[in-house]
Amino acid sequence: MQTPISVDEKKDFVRWFLNHYQLKKRESVWILNYLMNHESLLSSVHFVQEVKFCPRGMEISAQGVSDPPFRFYKGQVMTNDAEKSFHDLRMNQDEPVYIQMNFDNAQQSSKYALVLEENPYLPKDYYLNERDKNEAERLLSLSLLKHRQKELEGKIDTALIDGERDKFKELCNELSSLKQDLNTFL
């Protein structure tokens, strides 16, 4: 479980951000200043990635990134209108609001990392791409084949000890076929 981020830490980050980055939309500056000056509201703010999955969130972008200047998500609705989001913030101060900050080198920013929380609404497999899924399936298949190989080798040993020549030949053929399958994964 992640420790909660304090209001002071959030305020420090927002202040640092406003001092170091020029925002694409001036209304974003107003919103961030408003948050800094209203601690009760700032306590409901959570900085996350992929805010589009959250029930109520804002995406705020600085100059120098290709992301859109501003987006506000509420339920299934998305708007670029910062004034509507500001009004929503003021009217629903007890509701959690999730904010994604887009700025140059955000992933390397220790200041951002200090306030960044895990997005509880992110689908579990969101960061898995097709290559990752294929690799996971390949490893699972390989693991199952190796398990089957050990099983067959044990049965071959038993057939040899028991003198069951036909069973031994049948299991050896099965093992040979299995090894060919294994080679396709290696």
Side-chain angles (χ1 to χ4, degrees), residues 1-6 9-10 13 17 43-62 64-80 85 95-186:
M1 180 94 188
Q2 193 173 346
T3 56
I5 313 298
S6 74
E9 289 170 313
K10 293 174 190 178
F13 167 72
F17 184 81
S43 66
S44 298
V45 168
H46 305 279
F47 292 98
V48 297
Q49 297 292 347
E50 305 303 337
V51 76
K52 64 183 170 259
F53 293 106
C54 299
R56 181 172 172 240
M58 278 182 224
E59 190 173 347
I60 296 174
S61 299
V65 294
S66 61
D67 302 284
F70 181 87
R71 284 189 173 161
F72 179 68
Y73 301 89
K74 185 149 186 185
Q76 303 300 318
V77 179
M78 186 277 294
T79 181
N80 297 322
S85 68
E95 267 184 56
V97 62
Y98 298 86
I99 299 178
Q100 176 180 330
M101 305 297 284
N102 301 319
F103 57 99
D104 201 26
N105 294 320
Q107 267 57 40
Q108 285 80 40
S109 170
S110 59
K111 299 270 190 198
Y112 193 35
L114 284 173
V115 296
L116 201 57
E117 298 178 52
E118 193 173 309
N119 185 337
Y121 300 98
L122 202 61
K124 290 192 186 319
D125 64 349
Y126 181 72
Y127 288 111
L128 279 180
N129 60 31
E130 202 56 40
R131 196 181 96 237
D132 293 335
K133 287 180 185 175
N134 290 340
E135 181 62 14
E137 287 174 12
R138 189 187 80 76
L139 288 172
L140 179 61
S141 296
L142 182 62
S143 176
L144 290 170
L145 286 171
K146 287 194 175 253
H147 176 74
R148 180 73 181 130
Q149 178 183 3
K150 283 193 187 318
E151 244 180 14
L152 280 173
E153 288 169 346
K155 287 180 179 180
I156 288 170
D157 288 346
T158 302
L160 202 56
I161 291 168
D162 294 346
E164 297 176 2
R165 180 175 273 173
D166 290 339
K167 182 123 178 136
F168 172 77
K169 285 181 184 177
E170 178 187 321
L171 291 169
C172 283
N173 287 336
E174 202 175 322
L175 181 62
S176 176
S177 173
L178 181 90
K179 283 185 176 181
Q180 286 177 345
D181 290 345
L182 262 171
N183 285 335
T184 63
F185 285 96
L186 300 174

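When a residue number appears, it is its place in the shown sequence, counting from 1.
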* Structure fact -> Here the pair of heavy atoms bringing Val48 nearest to Cys54 is CG2-SG, 4.1 Å
* To do: Describe, in one word, how the ring planes of Phe13 and Tyr112 are oriented to each other, choosing from parallel (under 30°), tilted (30 to 60°) and perpendicular (over 60°).
  => parallel
* Can you check whether Gly154's main-chain N or O pairs, donor with acceptor, with Thr158's side chain at less than 3.5 Å? -> yes
* To do: Could you tell me which non-hydrogen atom of Lys179 sits nearest to which non-hydrogen atom of Gln149, and how far apart they are?
  => CE-NE2, 3.6 Å
* Asked: Does a side-chain heavy-atom distance below 4.5 Å link Asn80 with Phe70?
  -> no
* To do: Identify the two heavy atoms, one from Ile156 and one from Leu171, that lie closest to each other, and give their separation to 0.1 Å.
  => CG1-CB, 3.5 Å
* Asked: Is any side-chain heavy atom of Gln107 less than 4.5 Å from a side-chain heavy atom of Gln49?
  -> yes
* **Gap between atom NZ of Lys52 and atom CZ of Arg71 - 0.5 Å precision** => 8.5 Å
* For the pair Arg148 and Glu174, find out whether any cationic side-chain nitrogen is under 4.0 Å from an anionic carboxylate oxygen. => yes
* **Nearest-0.5 Å distance that lies between atom OH in Tyr98 and atom CZ in Arg56** => 10.5 Å
* In this structure, are over 12 heavy atoms from other groups packed under 6.0 Å from Lys167 atom NZ? -> no
* Distance (rounded to the nearest 0.5 Å) between Ser177 OG and Leu182 CG -> 10.0 Å
* To do: Would you sort out whether Asn119 and Val51 count as a side chain to side chain contact (heavy atoms under 4.5 Å, CB included), showing the intermediate values?
  => CA-CA 8 Å; Asn119 185 337; Val51 76; 5.6 Å; no
* Asked: Hey, what do you get for CG (Leu175) to CZ (Phe168), rounding to the nearest 0.5 Å?
  -> 9.5 Å
* Asked: Has Asp162 got more than 12 heavy atoms of other residues, nucleotides or ligands less than 6.0 Å from its CG?
  -> yes
* Asked: Mind checking whether Val97 and Met58 have side chains closer than 4.5 Å, heavy atoms only?
  -> yes
* Can you see which heavy atom on Phe53 is nearest to which on Tyr121, and at what distance? => O-CB, 3.3 Å
* **Gap separating the NE2 atom of His46 from the CD atom of Glu117, nearest 0.5 angstrom** => 5.5 Å
* Any side-chain heavy-atom pair from Asp166 and Glu170 closer than 4.5 angstrom? -> no
* Asked: What is the minimum heavy-atom distance between Pro68 and Glu59, and which atoms define it?
  -> CD-OE2, 4.2 Å
* To do: Looking only at non-hydrogen atoms, find the nearest pair between Ile5 and Lys10 and report the distance.
  => O-CE, 3.5 Å
* Hey, are the side chains of Ser85 and Thr79 touching, using non-hydrogen atoms and a 4.5 Å cut-off? -> no
* Asked: At what distance, to the nearest 0.5 angstrom, does CG of Leu116 lie from CD1 of Ile99?
  -> 12.0 Å
